[in-house]
Asker: 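I have a structure here, written as structure tokens, and I will follow up with some questions on it.
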Amino acid sequence: MTRPSGPSVRETRAASAPGSPGTDDLWLRRYRPVAEPALRLVCLPHAGGSASAFLPLTRLLPETVEVLAVQYPGRQDRRQEPFVDSVDGLVTHIVTALGPWLDRPVALFGHSLGSLVAFETARRVEEQAPGSGVAHLFVSGRVAPTFGRPSDTHLLSDDKLIAKLAELQGTDPRVLADQELLRLALPAIRNDYRAAATYTWRPGPPLTCPVTVLTGSEDPHVPADGARAWHRLTTGATAFHSFSGGHFYLTEHTEAVCRTILAATGFAPPRSGPPATSADPERPRESS
């Protein structure tokens, strides 16, 4: 099997200490630095999303967990940089940026497009540094890459793409109503949909880390059999959790998602809130 070439996770730039200045730091946002974290949670956003989508997790998770949120180029403070229009391209940059941070256990959390990027990042890390593999993979709002999900969303007209965004209910209605903001946001959204649409799963060794799958019970894009298919991609344990809501269920259930993350990784519960609920691990709830 031929895998895409890329820099080793150990081949970092001269400024290799965590938090040091350098190009790689453009990819990671460290909103709440933790001196001696027991776990680093690396979060990868959805199509058109940005690192700031994970600020709520940073605020809710205990100080034993440090959140590193990935910032794709072409948006927010990186809006002047060219887009990366493939999952493999994103993974190559992210793996390099993660190199200095692998001195602690690392879990990956991806939502939608971010789930694909997180999965391929976990594969690359295990291949290039077997002793520094990902401790846990959380995939949210996405069917397994083996399930097959052809999409031409990136080819839609602007009006149809905007209608698609409104259907997913993950974009602030004020943004959808503001033509100037939409003009600024649509190129990044279209680029990220292109990256997801052109992604091709390549067979290879399964992951060895546990995988937790999170879905919205009313998400039409993640049917139960597509969610269940993730278990074939790891030799580790697989768990499934379903939350009420659609594709962006996690906006309404941030605390429950945090509790799920902590329970899966074996850490103490966050500061407040009732325990998380789980779906039958063999029977994720069907999407409508």
Side-chain angles (χ1 to χ4, degrees), residues 6-7 13 15 18-33 41-59 67-98 100-101 108-118 120-121 140-142 151 153-166 168-199 247-248 250-251:
R13 302 182 186 276
S20 60
T23 304
D24 294 343
D25 283 348
L26 294 172
W27 286 83
L28 299 174
R29 296 292 175 271
R30 193 183 182 202
Y31 294 118
R32 188 195 62 189
L41 180 70
V42 180
C43 298
L44 301 101
H46 57 279
S50 59
S52 59
F54 297 105
L55 269 170
L57 269 68
T58 301
R59 298 182 179 123
V67 175
L68 301 177
V70 171
Q71 184 78 307
Y72 305 143
R75 66 214 70 201
Q76 291 189 339
D77 58 330
R78 301 190 70 187
R79 62 186 177 277
Q80 300 302 325
E81 299 177 50
F83 296 120
V84 176
D85 64 358
S86 71
V87 169
D88 283 344
L90 290 169
V91 169
T92 294
H93 287 287
I94 292 166
V95 168
T96 302
L98 282 179
W101 305 92
L108 302 180
F109 183 102
H111 181 66
S112 198
L113 167 67
S115 291
L116 288 181
V117 180
E120 289 294 346
T121 297
S140 168
R142 189 83 192 187
S151 172
T153 302
H154 63 294
L155 300 176
L156 295 175
S157 67
D158 285 355
D159 287 345
K160 289 184 178 179
L161 181 55
I162 292 168
K164 179 76 170 180
L165 297 176
L168 291 174
Q169 299 180 341
T171 304
D172 190 324
R174 291 171 295 181
V175 173
L176 295 175
D178 188 318
Q179 291 301 312
E180 185 175 354
L181 283 177
L182 274 177
R183 180 178 57 82
L184 294 172
L186 281 180
I189 295 168
R190 190 179 299 280
N191 172 82
D192 293 355
Y193 274 117
R194 181 183 301 109
T198 57
Y199 166 83
H247 189 64
F248 286 96
L250 67 173
T251 302

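We count residues from 1, following the sequence as given. Keep in mind that the numbers below use all heavy atoms, side chains included, and drop hydrogens, waters and symmetry copies.
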Asker: Where the side chain of Arg78 meets the backbone of Arg75, is there a donor-acceptor pair that is under 3.5 Å apart?
Answerer: no
Asker: Set out, in order, the CA-CA distance, both residues' side-chain angles and the distance that settles side-chain contact (heavy atoms from CB on, under 4.5 Å) for Leu90 and Trp27, then state yes or no.
Answerer: CA-CA 10 Å; Leu90 290 169; Trp27 286 83; 3.9 Å; yes
Asker: So do the side chains of Val67 and Tyr31 get within less than 4.5 Å of each other, counting heavy atoms only?
Answerer: no
Asker: Taking it one step at a time, do Leu68 and Leu41 satisfy side-chain contact (heavy atoms from CB on, under 4.5 Å)?
Answerer: CA-CA 6 Å; Leu68 301 177; Leu41 180 70; over 6 Å; no
Asker: Begin with the C-alpha distance, continue with both residues' side-chain angles, and end with the deciding distance and a verdict on side-chain contact (heavy atoms from CB on, under 4.5 Å) for Asp77 and Leu26.
Answerer: CA-CA 9 Å; Asp77 58 330; Leu26 294 172; 5.9 Å; no
Asker: Quick one: list whatever passes salt bridge (Lys or Arg N to Asp or Glu O under 4.0 Å) with Asp85, sequence neighbours left out.
Answerer: none
Asker: Please check this pair: side chain of Ser115 against backbone of Gly110, looking for a donor-acceptor N/O pair closer than 3.5 Å.
Answerer: yes
Asker: Judged by atom type as modelled, is there a donor-acceptor pair below 3.5 Å linking the side chain of Arg32 to the main-chain atoms of Arg30?
Answerer: no
Asker: Could you pull out the closest heavy-atom pair between Leu44 and Ala118, with the gap in Å?
Answerer: CD1-CB, 3.6 Å
Asker: In terms of relative ring orientation, are Phe248 and His111 parallel, tilted or perpendicular, with 30° and 60° separating the classes?
Answerer: tilted
Asker: Just verifying a value: how many Å separate Leu113 CG and Asp192 CG, rounded to the nearest 0.5 Å?
Answerer: 5.5 Å
Asker: Do the ring centers of His93 and Tyr72 come within less than 6.0 Å of each other?
Answerer: no
Asker: Once you round to the nearest 0.5 Å, how far does CG of Leu108 lie from CG of Leu98?
Answerer: 7.0 Å
